[in-house]
Amino acid sequence: MKKLFLGNEAVARGLYEAGCRVISSYPGTPSTEITEYAATYDAMYSEWAPNEKVACEVAVGASMGGARAFSAMKHVGLNVAADPLYTASYTGVNGGLVIAVADDPGMHSSQNEQDSRHHAIASKIPMLEPADSAECLAFTKRAFELSEEYDTPFFIRLCTRISHSRSLVETTDRVEQPLKEYVKNPAKNVMMPAMARGRHVFVEKRMKALAEFAETCDLNRTEYHDTSIGIIASGASYQYAKEALGENASYLKLGMVNPLPVKLIEDFAAKCDKVYVVEELDDIIETHCRKFGISVIGKELFPLTGELSQAIVAKKILGEEKKTLSLKDEIPVRPPVMCCGCPHRGLFYALKRENVFVSGDIGCYTLGSQPPLSAIDTCVCMGASVSGLHGFNTARGTDQAKKAVAVIGDSTFIHSGITSLIDIAYNKGISTIVILDNSITGMTGHQQNPTTGYTIKGDPTAAVSLEKLVQAVGIHRVRVVDPYDLKETQKALKEELAVEEPSVIIARRPCALLKYVKHKPSLKVDREKCRSCKACLRIGCPAISMKDGKAVIDHTQCVGCGLCEDLCKFGAIVGGEADK
Amino acid sequence: MSVTSVMIVGVGGQGTLLASRLLGNAMLSKGLDVKVSEVHGMSQRGGSVVTYVRYGDEVHSPVIEKGEADYILAFEQLEAARWLPFLKKGGKLVVNTQCIDPMPVITGAASYPENLIEKLQASGVDVTAIDALPLAEEAGSSKAVNVVLMGVLARYMDVDKDHWIETIKTTVPPKFIDMNLAAFELGYKM
């Protein structure tokens, strides 16, 4: 029976059916659900690692140990994991090794829209790109077989529209793969210069063999209809082209995007009058075609930025645009916001009042940059808040350091903030760091992490003590505050900013969306007492707005956190029955 | 059958994902090809969210573009107006009359447009407006707005009511089945 599977769910099913044994990942949209679904199969070991580099090294080790192994990450996670992967390309595999990387064209939930195919080319690791959930399942299984056949890690490239779209799959049973024998082989597995030189020669031979495989393998296929238009595409772009052009075009659908075939493309191009490369983000296939003198139309028509769509393909190739309806009114944007009851809100309100430079990081709290809190100055990558602040303060001096903090979440701190904090302690920095400990990895949808005390399966385990960890690296001033307590939070900030030594404030309160967090009844506004001063609007709570000149609280959203109650000088916000 | 395109739009946290899964599963069990494109990650945090459901003999693209949607199910008025350009001329719009101020309106940087329902009705599409929140609360929770609205939309779709009920039973967690069936019923009979 066919089932409606998310692309990520189908990859997880592929892992299961392929007999994969060891899975280690760090969450990152849009890749997260692969590992979450994988963890629902008891036949496989799954874990959340502290970061992508660790996750990949676990998978590489498991592969060397003879098991089929896997790791999933988002595109920027692959940067973190690049170090082990570029060399795992040389060592090759024992048990099959597959790495899924999910790009985010359009940046639905990311800080850049890099194209992971560059990493595949640079690391000389072959890459498959599925175009729907059925291919997610099939390609994952195939990648393990090819990984073992060609002695190489394999990438599966996904994107938001493949990872987070549901389409039909047919499942089969798991085929157990016996653990392969481990034989000590330094020439293959110890990458010192002498051995690595030998392995690099092997890697080049391997990629040549895979390029030949790409010419004839069934992962790449042609569909001939009307040959006046020829389309070369892979993944989601293939679906957009097919939707826009149907049988008015012919297609070369590439399932393997590294290495790319040459003769197959030449033959296809020769049969079509005009050949277009439809690819999201960078001009990888197009550049490949041009390198071999194949005339194609690509980025002179299609954008290098954002997602493609059937509308873009229809407009650029056929010059067709759909008629659209719209209202004359200006429609206000609706950016994402911190949730009602979010523990980060109190901290950012306190930071705004201190009027300090805030070095930001990656997580829900990046939303502290948005109006009306507008508290964050910078956001680059995981961990950069802490090291970036150290650089900023070093450049601008002690007086500046008394007016600057870094904010970083519990999971992000473990991911790569801790090494940055060590840099501060070791090099006599005086920066003030706030760890926003909401007891979960929030933005990616509530994953456990090393500070929560639970594994991916929900089993109790050792929990990192942030206080002890911070002290152990040489930070003597460590204090914990409840960000719902504005006075205490403000006091801690003032005191820690004033001292000329490094300090860490842990703002600790669980995410308001966690199931075990009990919500209080909605607060309401006493319209008689409300003086319309709008002080309560300054915290950017989505439940509070103005109606007929007075503040009003939406009872369907309010969780009774009480932050607005503390801000109202007139006692107009009260508990009890909700506004209707 | 040719491909039908349905957009479900709202505010992150309103439960558009469950609605899209219900619709997707209902069409899957009719033996159709189905694609459902979801929103995860940052925009789920109170932002404008859209999920796409497409079904028919063979579906290629998982997304819906401007002027392509046969139906839009809007969980909030402003979101209906925002996504209106995606509806085909003559398409069907089911809109919840609930208004949720976005942050630029809360901060005073923008204003919430007035009389949106009338303007939507005058724009050349078939509009059904419904106040789903009281019905959801009647069914047991304000969170059931999504299934009330799915019930309203279901009336316009070529699927038997029994089939919908079966789909709800197999899609939602067991302890919420009764509440969701009640919510669906309240929407369906509107």
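Letters A, B, ... are given to chains in the order of the sequence lines, protein chains preceding strands, and every chain is numbered from 1. Hydrogens, waters and symmetry mates play no part in the numbers below; they use all other heavy atoms, side chains included.
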Response to the item:
Answer key: most heavy-atom pairs under 4.5 Å with chain B among Thr160(A), Ile331(A), Leu325(A) is Leu325(A)
Discussion item. If we ignore hydrogens and angles and just use 3.5 Å, is the side chain of Tyr112(B) paired with the main-chain N or O of Leu78(B) as donor and acceptor?
Written reply: yes
Practice prompt. Keeping the roles fixed (side chain from His60(B), backbone from Ala241(A)), state whether a donor-acceptor pair exists under 3.5 Å.
Written response: no
Worksheet entry | Side chains of His108(A) and Thr29(A), donor plus acceptor under 3.5 Å | no
Fill in: Top contributor to chain A contacts, counting heavy-atom pairs under 4.5 Å, from Gly31(B), Pro113(B), Ser123(B), Ser142(B)
Pro113(B)
Worksheet item: Any sub-3.5 Å donor-acceptor pair from Ser165(A)'s side-chain atoms to Ile162(A)'s backbone N or O?
Response: no
Discussion item. Could you check whether any side-chain N or O of Ser133(A) sits under 3.5 Å from a backbone N or O of Ala10(A), counting only pairs where one atom can act as donor and the other as acceptor?
Written reply: no
Worksheet item: Which atoms of Leu17(B) come close to chain A, meaning under 4.5 Å heavy atom to heavy atom: side chain ones, backbone ones, both, or neither?
Response: neither
Worksheet item: For Lys242(A), is it the side chain, the backbone, both or neither that has a heavy atom under 4.5 Å from a heavy atom of chain B?
Response: both
Practice prompt. Flag the pair Lys253(A) and Glu135(A) as a salt bridge only when some basic side-chain nitrogen lies within less than 4.0 angstrom of an acidic carboxylate oxygen.
Written response: yes
Discussion item. Need one label for Glu307(A): side chain, backbone, both or neither, based on atoms under 4.5 Å from any heavy atom in chain B.
Written reply: neither
Item to complete: Select one option (side chain, backbone, both, neither) describing which atoms of Asp132(A) are under 4.5 Å from chain B's heavy atoms.
Response: side chain
Practice prompt. Quick one: which of Leu133(B), Asp33(B), Asn25(B), Ile100(B) has the most heavy-atom pairs under 4.5 Å with chain A, could you say?
Written response: Ile100(B)
Item to complete: Measure Ser167(A) against the heavy atoms of chain B and call it side chain, backbone, both or neither at under 4.5 Å.
Response: both
Worksheet item: Looking at Ala244(A), Ala236(A), Ala311(A), which has the largest count of heavy-atom pairs under 4.5 Å with chain B?
Response: Ala311(A)
Worksheet item: Under 3.5 Å, is there a donor-acceptor pair between the side chain of Asp554(A) and the main chain of Thr556(A)?
Response: yes
Worksheet entry | Best-contacting candidate, Thr107(B), Leu120(B), Val105(B), Leu28(B), against chain A by heavy atom pairs under 4.5 angstrom | Leu28(B)
Worksheet item: If you tally heavy-atom pairs under 4.5 Å against chain A, which of Gly67(B), Ser111(B), Gly108(B), Ser37(B) wins?
Response: Ser37(B)
Response to the item:
Cut-off 4.5 Å, heavy atoms of chain B, and the answer for Cys342(A) is neither
Fill in: Proximal component of Lys3(A), with respect to chain B [non-hydrogen, under 4.5 Å]
backbone
Worksheet entry | Which atoms of Glu76(B) approach chain A - backbone, side chain, both or neither, heavy atom under 4.5 Å | side chain
Discussion item. Only pairs of heavy atoms separated by less than 4.5 Å count here; which of Thr444(A), Leu537(A), Val333(A) has the most with chain B?
Written reply: Val333(A)
Discussion item. More than 12 heavy atoms of other residues, nucleotides or ligands under 6.0 Å from NZ of Lys2(A): yes or no?
Written reply: no
Practice prompt. Scan side-chain atoms only and decide if Glu68(B) and Ser5(B) contain a donor-acceptor pair under the 3.5 Å cut-off.
Written response: no
Discussion item. As an exercise: rank Glu243(A), Lys322(A), Lys323(A) by heavy-atom pairs under 4.5 Å with chain B and give me the winner.
Written reply: Glu243(A)
Practice prompt. Please determine, among Met1(A), Gln310(A), Glu321(A), the option with the most heavy-atom pairs under 4.5 Å with chain B.
Written response: Gln310(A)
Item to complete: Return yes if some donor-acceptor pair links the side-chain N/O of Gln239(A) with the main-chain N/O of Ala131(A) below 3.5 Å, else return no.
Response: yes
Discussion item. Check this for me: does any side-chain nitrogen of one of Glu38(B) and Arg166(A) sit under 4.0 Å from a carboxylate oxygen of the other?
Written reply: yes
Worksheet item: Side chain of Glu113(A), backbone of Gly106(A): donor and acceptor closer than 3.5 Å?
Response: yes
Fill in: Portion of Ile544(A) that has a non-hydrogen atom of chain B nearer than 4.5 angstrom
backbone
Worksheet item: Is a side-chain N or O of Arg54(B) found less than 3.5 angstrom from the main chain of Ile64(B), in a donor-acceptor match?
Response: no
Worksheet entry | Interatomic distance, Gln14(B) atom CD to Asn96(B) atom CG [nearest 0.5 angstrom] | 7.0 Å
Worksheet item: Leu6(A) versus chain B, heavy atoms under 4.5 Å apart: side chain, backbone, both or neither?
Response: side chain
Worksheet item: Which bit of Pro372(A) is near chain B, if near means a heavy-atom gap under 4.5 Å: side chain, backbone, both or neither?
Response: both
Worksheet item: When you measure from the side chain of Gln370(A) to the backbone N and O of Leu367(A), does any donor-acceptor pair fall under 3.5 Å?
Response: no
Worksheet item: For chain A, which residues from residues 79-95 of chain B have at least one heavy atom closer than 4.5 Å to it?
Response: Glu79(B), Ala81(B), Arg82(B), Leu84(B), Pro85(B), Leu87(B), Lys88(B), Lys89(B)
Item to complete: Check whether any side-chain N or O of Glu280(A) sits under 3.5 Å from a backbone N or O of Pro105(A) as a donor-acceptor pair, and report yes or no.
Response: no
Practice prompt. Would you mind checking which part of Gln557(A) comes under 4.5 Å of any heavy atom in chain B, side chain (CB onward), backbone (N, CA, C, O), both or neither?
Written response: side chain
